[in-house]
Trainee: 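Following this message is one structure expressed as structure tokens.
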There are 2 protein chains.
Amino acid sequence: MKIGEVATRSGCHPETVRYYERIGLLPAPPRTASGYRDYRSTDVDRLRFISRGRDLGFSLEEIRSLLGLAEDDGLSCQDVDRLARVHLVDIQARLGDLQRMAAELERVIGSCSGGERGQCVILDTLRRPLTSTEK
Amino acid sequence: MKIGEVATRSGCHPETVRYYERIGLLPAPPRTASGYRDYRSTDVDRLRFISRGRDLGFSLEEIRSLLGLAEDDGLSCQDVDRLARVHLVDIQARLGDLQRMAAELERVIGSCSGGERGQCVILDTLRRPLTSTEK
DNA sequence: CTAAAGTCTGTAGCCGCTACAGGGTCAAGC
DNA sequence: GCTTGACCCTGTAGCGGCTACAGACTTTAG
């Protein structure tokens with residue numbers, strides 16, 4: 001199977017597949033006589049695993065760990081769980097940041113559209129120091 | 001005022017201040033005889049504006065526009081409002097993505113801790129194609 | 001047989017910083 | 001006056017996670 005097919009089946013671009021190989025996330029496949037990469041279906045599985053991890057917001061380094069843990073069958077389930085929990089905390093923090101941003105933006109956009117001539121509330125907000133609603 | 005003081009007062013690192021100058025977001029200040037940058041307080045204001053914009057999740061390019069709009073006094077309030085609204089939509093999209101991620105992670109973490117021996121639910125989730133709850 | 005599509009390597013760019021290395025300058029203390 | 005340390009300067013490289021070339025090759029379809 002050539003890289004194009006692998007790309008289609010895994011949903012990763014060919015450049016991304018080569019990139020994952022370069023950083024050691026996907027093993028280098030054998031080559032055909034003319035130098036083309038020759039993949040098997042386990043490579044597609046691995047790429048799907050990576051892609052799915054990315055969808056869940058894991059970094060490539062986290063995914064590297066998860067792949068390692070998935071490899072060694074044994075009692076690594078706790079490690080996986082721990083990694084997922086740490087990651088969830090991370091995501092929740094970013095979520096909080098974004099929610100504060102959105103709330104603040106909604107506030108100023110609301111004031112602006114209803115505002116009367118005068119100064120632009122959004123620009124004023126940017127000029128003023130942080131309000132108490134934020135970190 | 002030297003760069004260190006400007007950095008302290010604006011809350012940006014000196015390297016960041018120089019970076020903003022390099023990309024043309026902050027005008028290059030005059031220099032002292034020995035080549036040190038010599039800022040005035042308007043520069044601190046501008047940096048605070050940028051920093052506040054970053055806190056609200058605007059990109060530096062968006063901030064560049066906002067600075068431009070803030071400069072030319074006139075009827076640019078609508079432009080500011082439009083930019084803010086577009087940005088809010090952006091943020092809300094990212095918010096949705098993160099919420100889906102968090103929900104999915106919570107689901108699998110829950111199953112895992114309560115699960116019985118067998119396979120690790122988290123790794124299984126990563127191996128399986130996307131579920132219907134996701135994009 | 002030719003043209004298009006795919007593949008190869010290597011390199012550079014994106015964003016928003018951050019962190020050096022290797023120098024110069026300035027203020028305080030002895 | 002001289003040293004020490006803190007600051008400042010320029011220029012460059014790195015981070016993550018790709019993406020997009022350029023310029024060469026091979027394979028495939030018509």
Side-chain angles (χ1 to χ4, degrees), chain A residues 1-26 28-40 43-44 46-67 87 90-91 94 97-98 101, chain B residues 1-26 28-40 43-44 46-67 87 90-91 94 97-98 101:
Chain A
M1 195 184 340
K2 284 186 286 183
I3 200 170
E5 191 180 341
V6 150
T8 308
R9 281 163 57 160
S10 67
C12 305
H13 288 173
E15 291 94 341
T16 307
V17 176
R18 283 190 282 257
Y19 171 70
Y20 288 163
E21 176 184 327
R22 202 163 64 243
I23 64 168
L25 212 52
L26 187 70
R31 301 294 184 113
T32 65
S34 58
Y36 283 16
R37 288 171 178 82
D38 186 20
Y39 295 96
R40 23 228 82 240
D43 295 312
V44 175
R46 196 173 173 98
L47 281 170
R48 286 223 188 99
F49 186 103
I50 296 171
S51 169
R52 185 103 174 81
R54 295 289 301 140
D55 283 342
L56 286 178
F58 286 96
S59 73
L60 292 181
E61 281 317 301
E62 286 172 321
I63 291 169
R64 199 190 292 277
S65 302
L66 287 171
L67 281 165
H87 180 56
D90 242 48
I91 286 182
R94 279 193 281 154
D97 286 348
L98 277 182
M101 279 183 209
Chain B
M1 194 186 339
K2 284 186 285 181
I3 201 169
E5 192 181 341
V6 150
T8 309
R9 280 160 62 157
S10 67
C12 306
H13 288 174
E15 292 95 339
T16 307
V17 176
R18 282 190 282 257
Y19 171 70
Y20 288 162
E21 176 184 327
R22 202 162 64 241
I23 63 168
L25 214 52
L26 187 70
R31 301 292 185 114
T32 65
S34 57
Y36 285 17
R37 288 172 179 81
D38 186 21
Y39 296 95
R40 23 228 83 237
D43 296 311
V44 175
R46 195 173 174 98
L47 281 170
R48 287 224 188 99
F49 186 103
I50 296 171
S51 169
R52 184 102 175 83
R54 296 288 302 140
D55 284 342
L56 286 177
F58 286 96
S59 72
L60 292 182
E61 281 318 300
E62 286 172 322
I63 291 170
R64 197 189 296 276
S65 301
L66 287 171
L67 281 165
H87 180 56
D90 243 48
I91 286 182
R94 279 193 282 155
D97 285 349
L98 277 181
M101 279 183 209

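Letters A, B, ... are given to chains in the order of the sequence lines, protein chains preceding strands, and every chain is numbered from 1. Computed from a predicted model, the values in this text were never measured in an experiment.
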Trainee: Can you pull the side-chain hydrogen bond (donor to acceptor under 3.5 Å, both in side chains) pairs that have at least one residue in residues 16-25 of chain A, sequence neighbours excluded?
Mentor: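 Only A:Glu21-A:Arg37 qualify under side-chain hydrogen bond (donor to acceptor under 3.5 Å, both in side chains).
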Trainee: Check the distance between C:dC8's C1' and A:Tyr39's OH and give it to me in whole angstrom.
Mentor: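 In whole Å, C:dC8 C1' lies 11 Å from A:Tyr39 OH.
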Trainee: What are the two closest heavy atoms between B:Cys12 and B:Val17, and how far apart are they?
Mentor: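 Nearest pair, atom of B:Cys12 first, then B:Val17: CB-CG2, 4.0 Å.
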Trainee: Distances under 3.5 Å only, N/O to N/O: pair up the protein atoms with those of nucleotides 24-27 of chain C.
Mentor:
| unit_1 | atom_1 | unit_2 | atom_2 | d |
| --- | --- | --- | --- | --- |
| C:dG24 | N2 | B:Tyr36 | OH | 2.8 |
| C:dT25 | O4' | B:Tyr36 | OH | 3.3 |
| C:dC26 | OP1 | B:Ser34 | OG | 2.8 |

Trainee: How long is the line joining NE2 of A:His13 and C1' of C:dT7, in whole Å?
Mentor: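 Distance check: A:His13 NE2 to C:dT7 C1' gives 16 Å.
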Trainee: Listed by chain and number, what are the side chain to side chain contact (heavy atoms under 4.5 Å, CB included) partners of A:Arg64, not counting sequence neighbours?
Mentor: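 Scan of A:Arg64 (side chain to side chain contact (heavy atoms under 4.5 Å, CB included), adjacent residues dropped) gives A:Ile23, A:Leu25, A:Glu61.
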Trainee: Would you grab the first and last nucleotide of DNA chain D (5' to 3') that comes under 4.0 Å of any non-hydrogen atom in chain B?
Mentor: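 Under 4.0 Å from chain B, the extent on DNA chain D is D:dC7 to D:dT10.
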Trainee: Rounded to the nearest Å, what distance is computed from the CG atom of residue B:Leu60 to the C1' atom of nucleotide C:dC14?
Mentor: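 Nearest whole value for this atom pair: 13 Å.
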Trainee: Is A:Arg37 close enough to C:dC8 that one of its side-chain N or O atoms is under 4.0 Å from OP1 or OP2 there?
Mentor: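 Yes, within the criterion.
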Trainee: Is any side-chain heavy atom of A:Leu60 closer than 4.5 Å to one of A:Arg54?
Mentor: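 SC-SC contact between A:Arg54 and A:Leu60 confirmed.
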Trainee: If only side-chain N and O atoms of B:Tyr19 are considered, is one of them under 4.0 Å from the OP1 or OP2 phosphate oxygen of C:dC15?
Mentor: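 No, no such contact exists.
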Trainee: Expressed as a whole number of angstroms, how long is the span from B:Leu25:CG to C:dG16:P?
Mentor: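 Value for this atom pair: 10 Å.
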Trainee: What residues, two or more places apart in sequence or in another chain, satisfy side chain to side chain donor-acceptor pair (under 3.5 Å) together with B:Glu5?
Mentor: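 B:Glu5: side chain to side chain donor-acceptor pair (under 3.5 Å) contacts with B:Arg9.
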Trainee: CD1 of B:Ile23 versus P of C:dG13: gap in Å, rounded?
Mentor: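 After rounding, the gap between these two atoms is 16 Å.
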Trainee: Name the residue closer to the 5' end of DNA chain C, choosing between A:Asp38 and B:Thr16 according to the nucleotide with the nearest heavy atom.
Mentor: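 Here A:Asp38 is the residue nearer the 5' end.
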Trainee: What does B:Tyr20 touch in the nucleic acid at a heavy-atom separation under 4.0 angstrom: a base, only the sugar-phosphate, or nothing?
Mentor: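 Touches sugar-phosphate only.
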Trainee: Between the main-chain N or O of A:Leu47 and the side-chain N or O of A:Ser51, is there a donor-acceptor pair closer than 3.5 Å?
Mentor: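 The answer is no, because no donor-acceptor pair under 3.5 Å joins these two groups.
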Trainee: Does A:Arg31 have a side-chain nitrogen or oxygen under 4.0 Å from the phosphate oxygens OP1 or OP2 of C:dT9?
Mentor: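 For A:Arg31, the contact criterion (side-chain N or O under 4.0 Å from OP1 or OP2 of C:dT9) is met.
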Trainee: What parts of residues 3-11 of chain A reach DNA chain C, counting only heavy atoms under 4.0 Å away?
Mentor: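 Result for residues 3-11 of chain A: A:Ile3, A:Gly4, sorted by number.
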Trainee: With sequence neighbours excluded, what pairs up with A:Asp97 under the side chain to side chain contact (heavy atoms under 4.5 Å, CB included) test?
Mentor: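 With neighbours one apart ignored, the set is A:Arg100.
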Trainee: To the nearest 0.5 Å, tell me how far B:Ile50 CD1 sits from B:Asp55 CG.
Mentor: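 Reported value, rounded in 0.5 Å steps: 12.0 Å.
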Trainee: From CD of B:Glu61 over to P of C:dC15, roughly how many Å is that when rounded to an integer?
Mentor: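 Whole-Å distance recorded here is 7 Å.
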Trainee: Once ring-ring contact (aromatic ring centres under 6.0 Å, His included) is applied, do any residues pair with A:Tyr39, and if so which ones, sequence neighbours excluded?
Mentor: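 Checked A:Tyr39 against ring-ring contact (aromatic ring centres under 6.0 Å, His included); zero matches.
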Trainee: Nearest 0.5 angstrom please: A:Ile91 CD1 to A:His87 NE2, how far?
Mentor: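 That separation rounds to 3.5 Å.
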Trainee: Would you indicate, yes or no, if C:dG16 has its OP1 or OP2 atom less than 4.0 angstrom from a side-chain nitrogen or oxygen of B:Arg54?
Mentor: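 True: B:Arg54 side-chain N/O within range (under 4.0 Å) of C:dG16 OP1/OP2.
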Trainee: What's the shortest heavy-atom distance between A:Leu98 and B:Arg94, and which atoms?
Mentor: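 That closest heavy-atom pairing would be CD1-CB, 3.8 Å.
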Trainee: What residues, two or more places apart in sequence or in another chain, satisfy salt bridge (charged side-chain N to carboxylate O under 4.0 Å, His left out) together with A:Arg40?
Mentor: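 Checked A:Arg40 against salt bridge (charged side-chain N to carboxylate O under 4.0 Å, His left out); matches are A:Asp38.
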Trainee: If you assign each of B:Glu15 and A:Pro14 to its closest nucleotide in DNA chain C, which residue comes earlier from the 5' end?
Mentor: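 This one resolves to A:Pro14.
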Trainee: Mapping A:Phe58 and B:Arg22 onto DNA chain D by nearest heavy atom, which one lands closer to the 5' end?
Mentor: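 Whichever sits nearer the 5' end wins; that is B:Arg22.
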